[in-house]
Amino acid sequence: MQPEARRPLVELAREFHVLKPEVLEAIEFVRQPLWNNRKHEHGPFDIIGDIHGCREELEADWLNNTLCVDTGCVYGGKLTALRYPERELVSVPAARAYAESIRPLGGAVTPGGGLSAQQVHDDLLDIDDVRGKRVVTTRLSQNVTVREENATAALEAMSRFAIDPKWLIYLPPTISPSETSKAQGYLEHPAEAFAYYGKEGVAKVVCEENHMGSRAVVVVARAEAAALRRFGVTTGELGVCYTRTGRRFFLDTGLEAAFLARVRAALTASGFWEAHQTDWACLDGELMPWSFKAQELLRDQYASVGAASCAALTDVVSVLEQAVGRGLEAGELATRFGEKARSVERYVAAYRRYCWPVHLLEDVRFAPFHLLATEGVAHMDKDHVWHMETLARVCQADATLLVATPFRVVELEDEAAVAEGVRWWEELTARGGEGMVVKPLDFAVRGRKGLLQPAIKSRGPEYLRIIYGPEYTAPANLERLRQRGLSTKRSLALREFALGVEGLERFARGEPLRRVHECVFGVLALESEPVDPRL
C-alpha cells in the first residue's frame with residue numbers, strides 16, 4: 001500500500017458507519033510508516049515484522065512475523081487494522097461489496113480446527129533449525145554458542161523423550177553453588193554468596209528455602225480454548241508438568257491430569273486469571289518428594305552405598321570393640337571406624353528425609369517460586385519478592401498441594417541483616433533442610449563485568465554428605481574438595497539463564513515456535529557440556 005493510498009481508510013471507515021474510537025485510532029495508526037518494519041523497534045528486540053496489504057484474505061493472521069491486513073473490504077469482506085504495540089487486530093464488516101473480485105475471497109487454503117496459520121506452520125519441525133553448530137542471539141547475553149556435538153546429544157534426547165513440543169516453551173538453567181567456604185567444617189556457607197553480590201554492588205538479595213525436590217515446569221491453560229489458541233494443542237490436554245530436561249514428570253497421565261486440575265483450581269480460586277488478564281500460565285518450581293523422580297538414583301547409588309557401608313562397618317566396629325575389651329591396642333582404630341559408622345548413619349538419615357512413597361496425588365507437593373509468563377508477558381521485569389508474594393496467594397487456595405516457599409530479604413550493607421540471614425540458613429539446615437538459594441532482588445542484574453549469576457545455592461553440611469559421600473567432612477577430604485573449580489558451572493548457568501529468558505520473551509511476543517525452540521534446545525544442548533555433577 002502506497003502512502004497516498006492510506007488516507008482514504010479513515011474516510012471509508014466513516015462511510016461504513018464505523019464510529020468506534022478504538023477502530024479509528026487503529027486505522028490512524030496504520031497510516032504511519034510502519035510497512036516493512038525491520039528497523040522499527042518498540043523496545044529491545046521487539047520488532048513488529050512485515051505488514052502487507054497486497055493480497056486479500058478472509059482473516060488477517062500472523063505467519064513468521066508477517067501479516068496481511070487486506071481482508072477484502074472493497075470486495076465485501078472486512079476492514080482490518082493493526083493496533084501496535086498491542087499487536088491487536090480490529091476488524092469491521094464492509095457495508096457492501098464495492099467491486100467484484102477476480103478470484104473468490106478466501107480462495108486460499110485456510111487453517112482448520114481453530115488453529116492459526118502460524119500454528120499450522122509450526123506443526124512440522126525442521127531438523128535444520130537445531131542441527132549443527134548454532135549461535136543464538138539473546139537480549140541478556142548477546143550471542144550464546146551451541147556446539148555441534150552438544151546439539152547432537154540434545155537432538156536425541158528431545159526426539160526420544162521430550163513432551164509435546166507445543167508445550168515446551170522454557171527450560172530452567174542450572175544453579176551454581178557459592179564459592180568454597182574456608183570456615184571450619186563447611187564446604188558451602190551463605191557468607192560467600194552474600195559477599196559475591198555485595199562486591200558487585202547489589203544492595204538487596206532474596207534468600208529462598210531450597211526444597212529437596214526435583215525442578216519442575218508447569219504450563220497450565222484455563223480451558224481447552226486457551227490451549228488451542230495459545231499453544232495449538234488439539235488433543236484436549238489442558239497443560240503439562242515437565243522436568244528441566246523436557247521430559248514428562250508424571251508417567252501416570254491420570255495423576256498428571258489430577259495435579260494440573262488442582263493447580264488450575266487454585267489459580268481460579270485465587271483470582272489469578274483476572275488479576276493477570278490471562279487464560280494460561282507458566283510456573284517454575286520444585287516438585288516433592290525428591291524420591292518421586294529419583295527412585296533409580298536412590299536405589300542404585302545412595303541406598304546401595306548406605307546399606308553396604310552399614311552392614312560392613314557394624315561388624316568391623318563390633319570386632320574392634322571386642323578387641324579393645326580384651327586389652328589389645330586397637331583403641332585408635334576402633335575410634336576411627338566408629339566415626340566412619342556414624343558418618344554413614346548421618347548419610348542414610350540425610351537422604352531418607354527427602355523420601356516418601358507416592359501413590360496418590362495427596363503424596364505430592366509443589367512449591368512454585370517463579371511466575372514465568374502469562375498472556376503477552378514474560379515476568380522477568382518483576383523482582384523476586386513480587387514472584388514469591390504473587391505465588392503465595394495462589395498457594396493459599398490449596399495449601400495441601402501447593403507450598404509457599406519461605407524467603408527472607410537481606411540488605412547486604414546491614415551487618416545485622418546479613419547475620420540474621422546466616423542464622424536462618426543455619427536453622428534450615430539444622431532441621432534437615434537442603435539449604436537456601438540466594439538471588440539478587442531483581443530478576444536479572446548486571447555487574448562490573450556483565451550479567452551476574454541469577455542465583456547461587458548454599459547447601460547445608462548434611463545435604464552435601466549425600467552429594468560428596470559419608471566421610472566428606474573428614475579434614476583431608478574437605479581440604480581436597482575445597483580445590484573444586486566453579487568457572488565452568490557458572491558460565492553454564494549464565495548462558496542457560498540467558499537462553500531461557502530469551503525463549504520465554506519470544507513466546508510472549510508471539511514469535512514462531514521454531515524461534516522459541518532455538519532457545520529451549522540450546523539449554524538442553526548446553527546440559528551435555530562436561531561439568532562436575534556434584535556442583
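Below, all heavy atoms of this structure are taken into account, side chains as well, without hydrogens, waters or symmetry copies.
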Worksheet item: For the residue pair Phe507 and Trp280, does the interplanar ring angle fall in the parallel (under 30°), tilted (30 to 60°) or perpendicular (over 60°) class?
Response: perpendicular

[Y]/[X] salt bridge by N-O under 4.0 Å criterion:
X      : Y      : result
Arg229 : Glu375 : yes
Glu434 : Arg459 : no
Arg506 : Glu518 : yes

Is the closest side-chain donor-acceptor distance between [X] and [Y] under 3.5 Å?
X      : Y      : result
Arg484 : Tyr468 : yes
His379 : Thr374 : yes
Trp167 : Glu237 : yes
Asn477 : Glu471 : no
Arg482 : Thr180 : no
Arg495 : Ser491 : yes

Worksheet item: Take atom CD in Glu274; do more than 12 heavy atoms of anything else shown fall under 6.0 Å from it?
Response: yes

Worksheet item: For the side chain of Arg264 and the backbone of Ala221, is there at least one donor-acceptor N/O pair under 3.5 Å apart?
Response: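 Checking the backbone N and O of Ala221 against the side chain of Arg264, a donor-acceptor pair under 3.5 Å is found.
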
Worksheet item: For the side chain of Tyr196 and the backbone of Gln453, is there at least one donor-acceptor N/O pair under 3.5 Å apart?
Response: yes

Response to the item:
One should read off an interatomic distance between Glu200 CD and Lys449 NZ, to the nearest 0.5 angstrom, of 8.0 Å

